[in-house]
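All values derive from a computational prediction rather than experimental measurement.
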Amino acid sequence: MKIAPSILSCDFSRLADEIAAAESGGADWIHVDVMDGHFVPNITIGPVITAGARRATTLPLDVHLMIESPDRYLEAFADAGADLLTVHVEACRHLHRTIERIRELGVRPGVAVNPATPLEAVREVLPSLDLLVIMSVNPGFGGQSYIPATFDKLRRARALLDAMGSHAELEVDGGVDVKNAAKVLATGATVLVAGSAVYGHPEGAAAGVRALRHAGTS
């Protein structure tokens with residue numbers, strides 16, 4: 001079980017402190033949501049903030065590109081310090097080429113699948129992945145509710161990865177909190193992305209991470 005707090009929900013005026021708080025609570029990765037206002041209806045951050053996050057922690061940076069034409073920006077985010085770089089199957093015309101380019105840059109490649117996109121869309125590239133991300137909300141905004149149909153999709157994704165002998169992490173992104181963490185993990189997911197559940201915790205981000213881990217293991 002890995003917990004990857006999403007800095008989308010943090011106070012950006014205190015970015016380093018917010019990342020440090022999550023780290024002190026036992027976070028495994030730091031999740032960076034990049035949105036362009038085209039692929040999703042929101043604009044968030046780019047390579048400059050990603051580089052700032054890199055300077056603030058030694059934890060792996062899990063950078064999620066929710067953008068059109070991601071190939072144009074792979075090198076910039078690799079240079080900014082991404083350890084994992086995820087693109088959306090829906091945004092890539094030549095997905096295998098994009099994955100290979102990410103690996104050439106020395107970064108671990110991931111692919112994300114939107115709620116309405118069937119798993120079949122990524123079957124051919126699964127052997128090339130280090131990370132498969134199942135979106136449990138429609139991407140674009142933090143604080144959304146988990147889509148219940150994702151449980152079954154995660155179980156099918158786990159079975160597909162296992163059948164292929166893949167060692168890729170299975171990450172779930174969106175609406176994860178203390179109420180559903182255990183059920184999510186029971187599907188075979190290995191990485192939980194959480195924004196509001198961590199940075200919206202009344203006792204702070206460290207407590208949010210600890211509460212999520214306790215919920216997932218209890």
Novice: If you look at every heavy atom in Ala181 and Leu192, which pair is closest and at what distance?
Specialist: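 That would be CB-CD1, 4.1 Å.
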Novice: Is it true that a side-chain atom of Asn114 and a backbone atom of Ala116 form a donor plus acceptor pair closer than 3.5 Å?
Specialist: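 Judged by distance alone, no pair lies under 3.5 Å.
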Novice: Could you check if a side-chain atom of Leu65 sits within less than 4.5 angstrom of a side-chain atom of His88, using non-hydrogen atoms only?
Specialist: no
Novice: Taking atom CD of Glu100 and atom CD1 of Ile102, what is their separation to the nearest 0.5 Å?
Specialist: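 Those atoms lie 9.5 Å apart.
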Novice: Between atom CG of Leu85 and atom CG of Asp130, what is the distance when rounded to the nearest 0.5 Å?
Specialist: 11.5 Å
Novice: Closest heavy-atom contact between Leu84 and Trp29?
Specialist: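 Looking at all heavy atoms of both residues, the shortest contact is CD2-CH2, 3.8 Å.
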Novice: What heavy-atom pair brings Pro70 and Ala91 nearest, and what distance separates the two atoms?
Specialist: CD-O, 3.7 Å
Novice: Quick one: do Met164 and Ile134 end up in the same hydrophobic cluster if we chain Ile, Leu, Val, Met, Phe, Trp and Tyr together by side-chain heavy atoms under 4.5 Å apart?
Specialist: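 Met164 clusters together with Ile134.
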Novice: Membership question, hydrophobic clusters at under 4.5 Å side-chain separation (ILVMFWY): are Leu131 and Met1 in the same one?
Specialist: no
Novice: Could you report the tightest heavy-atom contact between Asn42 and Thr44, atom names first, then the distance?
Specialist: ND2-CG2, 3.9 Å
Novice: So with a 6.0 Å cut-off around CZ of Arg14, is the heavy-atom count from everything else above 12?
Specialist: yes
Novice: Are Val133 and Tyr146 grouped together when hydrophobic residues (ILVMFWY) are joined by side-chain heavy atoms under 4.5 angstrom apart?
Specialist: no
Novice: When clusters are formed by joining ILVMFWY residues with side-chain heavy atoms under 4.5 Å apart, either directly or through shared neighbours, do Val34 and Tyr73 land in the same one?
Specialist: yes
Novice: Could you walk me through whether Leu8 and His31 satisfy the side chain to side chain contact (heavy atoms under 4.5 Å, CB included) test, starting with their C-alpha distance in whole Å, then the side-chain angles of each, then the deciding distance to 0.1 Å, before giving a yes or no?
Specialist: CA-CA 8 Å; Leu8 179 64; His31 189 81; over 6 Å; no
Novice: Would Glu104 and Arg101 pass as an ion pair if we require N to O under 4.0 Å?
Specialist: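 A salt bridge links Glu104 with Arg101.
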Novice: Just by distance, do the side chain of Thr57 and the backbone of Ala53 share a donor-acceptor pair under 3.5 Å?
Specialist: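 Looks like no, no N/O pair under 3.5 Å.
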Novice: Has Tyr199 got a side-chain atom pairing as donor or acceptor with Pro5's backbone, closer than 3.5 angstrom?
Specialist: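 No, Tyr199 side chain to Pro5 backbone: no donor-acceptor pair under 3.5 Å.
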Novice: Taking all heavy atoms of Phe39 and all of Met66, pick out the closest pair and write down the distance.
Specialist: CD2-C, 3.6 Å
Novice: Got a donor-acceptor contact below 3.5 angstrom from the Arg213 side chain to the Gly26 backbone?
Specialist: yes
Novice: Could you give me the CA-CA distance, side-chain angles and deciding distance for Glu23 and Thr58, then say whether side chain to side chain contact (heavy atoms under 4.5 Å, CB included) is met?
Specialist: CA-CA 9 Å; Glu23 188 170 353; Thr58 59; 4.1 Å; yes
Novice: Is it the case that the side chain of Ser136 and the backbone of Asp173 share a donor-acceptor pair, with hydrogens and angles ignored and the cut-off at 3.5 Å?
Specialist: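 Looks like yes, one N/O pair under 3.5 Å.
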Novice: With a 4.5 Å heavy-atom cut-off, do Leu59 and Asp28 have their side chains touching?
Specialist: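 Contact flag for Leu59/Asp28 side chains = no.
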Novice: Looking only at heavy atoms, what is the nearest atom pair of Ala56 and Ile19, with distance?
Specialist: CB-CD1, 4.1 Å
Novice: Would you say Leu61 and Val111 are hydrophobically clustered, going by side-chain heavy atoms of ILVMFWY under 4.5 Å?
Specialist: yes
Novice: Who pairs with Arg123 by salt bridge (Lys or Arg N to Asp or Glu O under 4.0 Å), at least two apart in sequence or on another chain?
Specialist: Glu120
Novice: With rounding to the nearest 0.5 Å, note down the distance linking CG in Leu129 to CG in Leu95.
Specialist: 7.5 Å
Novice: Within a strict 4.5 Å, meaning less than it, do heavy atoms of the Leu15 and Cys10 side chains meet?
Specialist: yes
Novice: Does the Asp152 side chain pair with the main chain of Arg155, one donor and one acceptor, at a distance under 3.5 Å?
Specialist: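 Checking the backbone N and O of Arg155 against the side chain of Asp152, no donor-acceptor pair under 3.5 Å is found.
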Novice: Is Glu68 atom CD crowded by more than 12 heavy atoms from other residues, nucleotides or ligands, each under 6.0 Å away?
Specialist: yes
Novice: Measure the CG-CG distance between Asp79 and Leu105 for me, rounded to the nearest 0.5 Å.
Specialist: 7.5 Å
Novice: So Ile147 and Asn138, do their side chains get closer than 4.5 Å, heavy atoms only?
Specialist: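 Sidechains of Ile147 and Asn138: in contact.
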Novice: Is the closest side-chain heavy-atom distance between Arg54 and Asp83 below 4.5 Å?
Specialist: yes
Novice: Distance check, rounded to the nearest 0.5 Å: His38 atom NE2 versus Ser69 atom OG?
Specialist: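 Rounded to the nearest 0.5 Å, the NE2-OG separation comes out at 9.5 Å.
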Novice: What do the steps show when you test Thr98 against Leu74 for side chain to side chain contact (heavy atoms under 4.5 Å, CB included), and what is the final call?
Specialist: CA-CA 9 Å; Thr98 301; Leu74 299 178; 4.0 Å; yes
Novice: Side chain to side chain contact (heavy atoms under 4.5 Å, CB included) between Val89 and Thr117: does it pass, once the steps are laid out?
Specialist: CA-CA 9 Å; Val89 61; Thr117 301; 4.0 Å; yes
Novice: Would you indicate whether the side-chain heavy atoms of Val193 and Val176 approach each other to under 4.5 Å?
Specialist: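 Counting from C-beta outward, Val176 and Val193 never come under 4.5 Å.
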Novice: How long is the gap from NZ on Lys2 to CD on Glu171, to the nearest 0.5 Å?
Specialist: 10.5 Å
Novice: Side chains of His64 and Asp62: donor-acceptor distance under 3.5 Å anywhere?
Specialist: no
